[in-house]
Structures are given as structure tokens and as C-alpha cells.
Q: 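Before I ask anything, let me first share the structure, which is written out below as C-alpha cells.
On a predicted model such as this, the values are computed, not experimentally measured, just so you know. Heavy atoms only: backbone and side chains are in, while hydrogens, waters and symmetry mates are out.
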Amino acid sequence: MTQQRDPVPAPAALAPAPAATTRPKEPAPGRHRRRSYRDRLTAPLPGVRAVTRLAREAGALRPGTEARRDVPLLPCAPAPLPPAGPGVLALTWAGHASWILRIGGLTVLTDPVWSHRILGTPPRVTPVGVPWASLPPVDAVVISHNHYDHLDAPTLRRLPRTTPVLVPAGLGRWFRRRRFTRVHELDWWQGREIGGVTFDFVPAHHWSRRGLLDTCRTLWGGWVLTDPQGRKVHFAGDTGYGHWFTEIGRRHPGIDLTLMPIGAYAPRWWLRDVHCDPEEAVAACADLGARRMAPMHWATFLLSAEPVLEPLTRVRAAWARTGRPREDLWDLPVGGSRTL
């Protein structure tokens, strides 16, 4: 099947990217030569017994026919991007972990995946929320880790090679091989400033691998973006639940919004350590001290066995049980936008 892609915008429409400066409070980010980040794991990776069990439970990582019946009901409402001047913080969900953030006058993409399908998974069940041709010039890209549903080479090839990309330690080489010239490679708790917006790389409970022999050769994590007015957005990337959220909130107090994964959690015995379920996502939001939460990492690719609408119903119920204001749960449809 031929993959359909949106046309690439003409180079003339692309504005020059703003310059980046190193934040003085952390060691200067640079090229990282560590051979492994296994010491950063917060849970052991599955062993032979777990892999054997998964193979025995055929179909354990895909929803069954009954669980897929609600695919036509998945929330999807593509719409034009809202206006966002230098003082406006706006976000639009393109699907999965891909967001278009307009912050501090910049347009930032998180884990951009505009492809119709990714390696090892069925095709998208909802369209991309914003056509590529409708994007404004991209000022920066942040990547959480190197799994194929978060690091998509066909999408990244659409970007000018001068686009600043902020990536986990060890992943810079992947981008430099593809001739990106403004690669900022960060370890946990390091940061960069681009055009007045601060990008801090923070921990996550996950792992990395892209091939057969590179397990944990590159780091994984999330990002805290802070605009010149001090407003903060936390992008969790891909993560299980654990102690790091409290520490992130301690180091970055006053987070206004967290973009938190709520899907790809079943079977729980297999995915508990690396993917939050909806209740854990709400707990992580509280640990962070974040005022608002926008769910993600669901309604796009069917990566696990839970019924397709279950993440949404469970996260709404979990949020209601906390007594927090309903308007602070930004449960957007694919293509939906909100302005802070």
C-alpha cells in the first residue's frame, strides 16, 4: 500500500530558526559518548519468561474485534490552528504524542509523527489532526526517545535541516547522520534556551531501542518548556508511573499544563513499568503539581489490548474522583486546540 503524505511546504515559506543559547545553571550539553543508559532504568526490562508469555498469549498487544468496535467513535475534529501571537500559549493535538505548541512566539513540535503507519503497527485509526502543509514554520522540535512511534524518520525528513532539534543524550548522532545541523543533545536536568523559550530535559520511566543491538544506548525523557512570562508546559513523552514526577515538580514548580500519556497500557503485567494507565496519569499530574492535564498517546495507533475508548472514559472518571475542576482536564479530540 502506498503511503499518502501531505505536500512539503516550499522552502521560501520557512523562516530562519532562532538561535540557541546554553543555560548557565546546568553543565553545557554536548555530544554524549556513553555506550549505555541501562543504569537509568527504573524497572528491569522483560526477561525470557515474560517474552515467552507474551508470545503464548497470541494477540495480547492488539485489541480484539470487540475492543475495536468503537474506532468510529474516537474523538477527531481537525480544525485550523488558533491564532497565537508572542504572548499566547496555544497547543494543538496532531495525534499520539505529536503536539503543535505555540509558545513564546515559537512553533514547537513534540515527537512529530505525520506518517500513516509506523513500523510494526497497523495504520492510524484517526487522521493526523493538522495537515503538514497547514503548519506554520517550525522553530524547534523536541524528541522524547527513539521508539518508532515517537521518532519518525519520514516525518523528520520534511523539515529543513537547519531546524533546531532537542534530543536525549546519545541520539544526536542519528540526527547528524541525516544532516541536521542544529542538534542539541541533552542529559536529564540539562536545558537550552531558544528564542527566549527554555527547554529542560527531565526524566521519564521508560527505555529506548530502535534496532536489535542498541537497547538503552540512547536516553529517554520528557521536556519542560518555559516561556518568557514564566508559563510552563511539561511534555511527558512516553512513561510509566513512578517517583520522577515528584522530583520534576520540585525542580520545576508551577507547571501550568502537563501533556500526559494515558493509552497503550494493556496487558498491565507487560506494560505497567513503561506506560501509565489513565489513573496513574492523573496521579502523575498531581505529583508534578501541574494545574492542568492534556491526555495523549491514545486514539491514534492501536498499540495494546485495551478497548479503544477506555482510556478516555477512565481518565475522565479518575479526574472527577480528585475533585479538581473539570475544565482543567483538556481531553482534546485529535486536531483539537486550546489556548492558555
Q: Closer than 3.5 angstrom, by distance alone: can the side chain of Arg324 be matched with the main-chain N or O of Asp328 as a donor-acceptor pair?
A: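 Side chain of Arg324 to backbone of Asp328: no pair is present.
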Q: Within 45 degrees of the ring normal and closer than 6.0 Å to the centroid, is that where the cationic atom of Arg161 sits relative to Phe180?
A: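 Judged by the rule, Arg161 and Phe180 form a cation-pi pair.
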Q: Tell me whether Trp220 shares a hydrophobic cluster with Ile118, the cluster being built from Ile, Leu, Val, Met, Phe, Trp, Tyr side chains joined at under 4.5 Å.
A: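 No, it is not one cluster - the side chains of Trp220 and Ile118 are not joined through contacts under 4.5 Å.
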Q: Validate the cation-pi geometry between Arg272 and Tyr265: distance from NZ or CZ to the six-membered ring centre under 6.0 Å, angle to the ring axis within 45°.
A: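 No cation-pi geometry.
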Q: Is it the case that over 12 heavy atoms from other parts of the model lie below 6.0 angstrom from the CG atom of Leu73?
A: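 Enclosed.
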Q: Looking at Val233, Leu259, Ile103, which hits side-chain contact (heavy atoms from CB on, under 4.5 Å) with Leu91?
A: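 So, applying the side-chain contact (heavy atoms from CB on, under 4.5 Å) to Leu91 and each of Val233, Leu259, Ile103, only Leu259 qualifies.
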Q: Determine all donor-acceptor pairs shorter than 3.5 Å in which one atom belongs to a side chain in residues 332-340; sequence neighbours excluded.
A:
unit_1: Ser337; atom_1: OG; unit_2: Thr92; atom_2: OG1; d: 2.6

Q: Is the shortest heavy-atom distance from the side chain of Pro112 to the side chain of Val141 under 4.5 Å?
A: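 A side-chain contact under 4.5 Å exists here.
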Q: Is the shortest side-chain heavy-atom distance between Trp132 and Leu159 below 4.5 Å?
A: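 Yes, their side chains come closer than 4.5 Å.
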Q: Treat each ILVMFWY residue as a node, draw an edge where side-chain heavy atoms are under 4.5 Å apart, and state whether Trp270 and Leu45 are in one component.
A: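 Yes, Trp270 connects to Leu45 through the hydrophobic network.
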Q: Taking Arg38 for the side chain and Cys216 for the main chain, is one N or O donor matched with an acceptor at less than 3.5 Å?
A: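 It does not hold such a pair.
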Q: What do the steps show when you test Arg68 against Leu302 for side-chain contact (heavy atoms from CB on, under 4.5 Å), and what is the final call?
A: CA-CA 9 Å; Arg68 292 197 306 267; Leu302 301 184; 4.0 Å; yes
Q: Can we say Asp152 and Arg117 salt-bridge, meaning some charged N sits less than 4.0 Å from an Asp/Glu carboxylate O?
A: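 Salt bridge absent between Asp152 and Arg117.
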Q: So, taking the atom named CZ in Arg217 and the one named OG in Ser208, what distance separates them when rounded to the nearest 0.5 Å?
A: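 Arg217 CZ to Ser208 OG: 10.0 Å, rounded to 0.5 Å.
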Q: In terms of side-chain geometry, is the basic nitrogen of Asp187 or Arg40 positioned less than 4.0 Å from the acidic oxygen of its partner?
A: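 Arg40 and Asp187: salt-bridged.
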Q: Does any N or O in the side chain of Arg173 come within less than 3.5 Å of the main-chain N or O of Gly170, such that one atom is a donor and the other an acceptor?
A: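 No, because the side chain of Arg173 does not come within donor-acceptor range (under 3.5 Å) of the backbone of Gly170.
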Q: Any side-chain to backbone donor/acceptor pair from Thr215 onto Arg209? Under 3.5 Å, distance only.
A: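 Answer holds: no.
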Q: Is the CZ atom of Arg35 crowded by more than 12 outside heavy atoms at less than 6.0 Å?
A: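 Not buried by this count: 12 neighbours or fewer within 6.0 Å.
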Q: Kindly indicate whether the side chain of Thr313, heavy atoms from C-beta on, has any atom under 4.5 Å from the side chain of Pro278.
A: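 When only atoms from C-beta onward are counted, Pro278 and Thr313 do not touch, as no gap falls below 4.5 Å.
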Q: Walk me through whether Phe201 and Trp189 qualify under ring-ring contact (aromatic ring centres under 6.0 Å, His included).
A: CA-CA 5 Å; Phe201 190 50; Trp189 311 121; 9.4 Å; no
Q: Let me see the working for Leu225 and Lys232 under side-chain contact (heavy atoms from CB on, under 4.5 Å), right down to the final yes or no.
A: CA-CA 6 Å; Leu225 281 67; Lys232 299 177 183 178; over 6 Å; no
Q: Minimum heavy-atom separation for Pro261 and Ala236, please, with both atom names.
A: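 Result for this residue pair: CD-CB, 3.7 Å.
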Q: State yes or no: do Leu166 and Val197 share one hydrophobic cluster built from I, L, V, M, F, W and Y residues joined by side-chain heavy-atom distances below 4.5 Å, directly or via other members?
A: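 Yes, because Leu166 and Val197 connect within a single hydrophobic cluster, where side-chain heavy atoms sit under 4.5 Å apart.
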Q: Using the six-membered ring wherever Trp is involved, compare the ring planes of His205 and Trp244 and label them parallel, tilted or perpendicular (cut-offs 30° and 60°).
A: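 If you compare the ring of His205 with that of Trp244, the planes turn out tilted.
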Q: Heavy-atom distance under 4.5 Å between the side chains of Thr42 and His243, does that happen here?
A: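 They are in contact (side-chain heavy atoms under 4.5 Å apart), so the answer is yes.
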Q: Determine yes or no for a side-chain-to-main-chain donor-acceptor pair under 3.5 angstrom, with Glu193 supplying the side chain and Thr198 the backbone.
A: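 No, the answer is negative, given that no donor and acceptor are paired below the 3.5 Å cut-off.
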Q: Is the terminal nitrogen or CZ of Arg178 (NZ for Lys, CZ for Arg) located under 6.0 angstrom from the six-membered ring centre of Trp174 and within 45° of that ring's axis?
A: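 Output yes; distance and angle both within limits.
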Q: Sort out for me which residue in Val315, Leu288, Leu257 forms a side-chain contact (heavy atoms from CB on, under 4.5 Å) with Met293.
A: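 Of the listed options, the one satisfying the test is Val315.
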Q: Determine, stepwise, if the pair Arg176 / Glu185 fulfils salt bridge (charged side-chain N to carboxylate O under 4.0 Å, His left out).
A: CA-CA 11 Å; Arg176 287 187 286 268; Glu185 192 175 352; 3.3 Å; yes
Q: Ignoring hydrogens and angles, tell me if any N or O in the side chain of Trp93 forms a donor-acceptor pair with the backbone of His96 under 3.5 Å.
A: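 Side chain of Trp93 to backbone of His96, a donor-acceptor pair under 3.5 Å: yes, one is there.
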Q: Quick one, Val88 and Pro83 - any side-chain contact, counting heavy atoms below 4.5 Å?
A: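 In short, these two side chains do not touch, never coming nearer than 4.5 Å.
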Q: Do Pro168 and Leu186 come close enough that some side-chain heavy atom pair is under 4.5 Å?
A: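 Of all side-chain heavy-atom pairs linking Leu186 with Pro168, none is under 4.5 Å.
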Q: Report yes if the side chains of Phe175 and Leu151 come closer than 4.5 Å at any heavy-atom pair, otherwise no.
A: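 When only atoms from C-beta onward are counted, Leu151 and Phe175 do touch, with a gap below 4.5 Å.
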Q: For His147 and Asp238, which I'm curious about, is there any donor-acceptor pair between the side chains at under 3.5 Å?
A: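 Side chains of His147 and Asp238: no pair found under 3.5 Å.
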Q: State the CG-CG distance between Leu219 and Leu171, to the nearest 0.5 angstrom.
A: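 Going from the CG atom of Leu219 to the CG atom of Leu171 covers 9.5 Å.
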Q: Can you check side-chain contact (heavy atoms from CB on, under 4.5 Å) on Ile194 and Asp139, steps first, answer last?
A: CA-CA 9 Å; Ile194 298 178; Asp139 298 301; 5.9 Å; no
Q: Has Glu306 got a side-chain atom pairing as donor or acceptor with Ala264's backbone, closer than 3.5 angstrom?
A: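 Indeed, once roles are kept as given, a pair shorter than 3.5 Å links the two residues.
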Q: Just how far is it from atom OG of Ser115 to atom CG of Asp149, taken to the nearest 0.5 Å?
A: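 One finds 11.5 Å between OG of Ser115 and CG of Asp149.
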Q: Is Leu303 reachable from Trp207 through a run of hydrophobic residues whose side-chain heavy atoms are each under 4.5 Å from the next?
A: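 Each belongs to a different hydrophobic cluster.
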Q: Evaluate the criterion salt bridge (charged side-chain N to carboxylate O under 4.0 Å, His left out) for residue pair Arg268 and Asp273; output intermediate values, then yes/no.
A: CA-CA 9 Å; Arg268 209 73 198 109; Asp273 294 327; over 6 Å; no
Q: Calculate, to the nearest 0.5 Å, the distance between atoms OH and CH2 belonging to Tyr37 and Trp188 respectively.
A: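 Going from the OH atom of Tyr37 to the CH2 atom of Trp188 covers 10.5 Å.
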Q: To the nearest 0.5 angstrom, please state how far the CZ atom of Arg291 sits from the SG atom of Cys285.
A: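 Reported value, rounded in 0.5 Å steps: 11.5 Å.
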Q: Ring-plane angle category for His150 and His145, please: parallel below 30°, perpendicular beyond 60°, tilted otherwise.
A: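 The rings of His150 and His145 sit tilted, inter-plane angle from 30° to 60°.
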Q: Identify whether Met296 and Tyr148 are in the same connected component of the hydrophobic contact network (ILVMFWY, side-chain heavy atoms under 4.5 Å).
A: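 Different clusters.
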Q: Regarding Arg210 and Asp214, does a basic nitrogen lie under 4.0 Å from an acidic carboxylate oxygen?
A: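 Salt bridge flag = no for Asp214 with Arg210.
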Q: Taking the side chain from Asp111 and the backbone from Ser144, do they hold a donor-acceptor pair closer than 3.5 Å?
A: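 Between the backbone of Ser144 and the side chain of Asp111 there is a qualifying donor-acceptor contact (under 3.5 Å).
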Q: Mind running side-chain contact (heavy atoms from CB on, under 4.5 Å) on Leu309 and Leu74 for me, showing each step along the way?
A: CA-CA 7 Å; Leu309 280 176; Leu74 288 171; 3.9 Å; yes
Q: Would you kindly check if the NZ (Lys) or CZ (Arg) of Arg53 is within the cone defined by 45 degrees around the ring axis of Trp269 and under 6.0 Å from the six-membered ring centre?
A: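 Here Arg53 passes the 6.0 Å and 45° test against Trp269.
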Q: Measuring only between side-chain heavy atoms, which start at C-beta, is Ser304 closer than 4.5 Å to Leu271?
A: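 The answer is yes, as the side chains (C-beta and beyond) meet within the 4.5 Å cut-off.
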Q: Would you give the length of the straight line joining atom CG of Leu109 to atom CG of Leu135, rounded to the nearest 0.5 angstrom?
A: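 One gets 6.0 Å once the value is rounded to the nearest 0.5 Å.
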Q: Is a side-chain donor or acceptor of Thr52 paired with a backbone partner of Val48 at a separation under 3.5 angstrom?
A: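 A pair under 3.5 Å: yes.
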Q: Please list, chain by chain and in numerical order, all residues satisfying ring-ring contact (aromatic ring centres under 6.0 Å, His included) with His234, sequence neighbours excluded.
A: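 Scan of His234 (ring-ring contact (aromatic ring centres under 6.0 Å, His included), adjacent residues dropped) gives none.
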Q: Report yes or no: does Glu57 contribute a side-chain atom to a donor-acceptor pair with the main-chain N or O of Leu54 at less than 3.5 Å?
A: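 No; judged by distance alone, with no hydrogens or angles, the pair does not exist.
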Q: Please identify each residue that fulfils ring-ring contact (aromatic ring centres under 6.0 Å, His included) with Tyr241, with sequence neighbours left out.
A: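 Tyr241 satisfies ring-ring contact (aromatic ring centres under 6.0 Å, His included) with no residue once adjacent residues are dropped.
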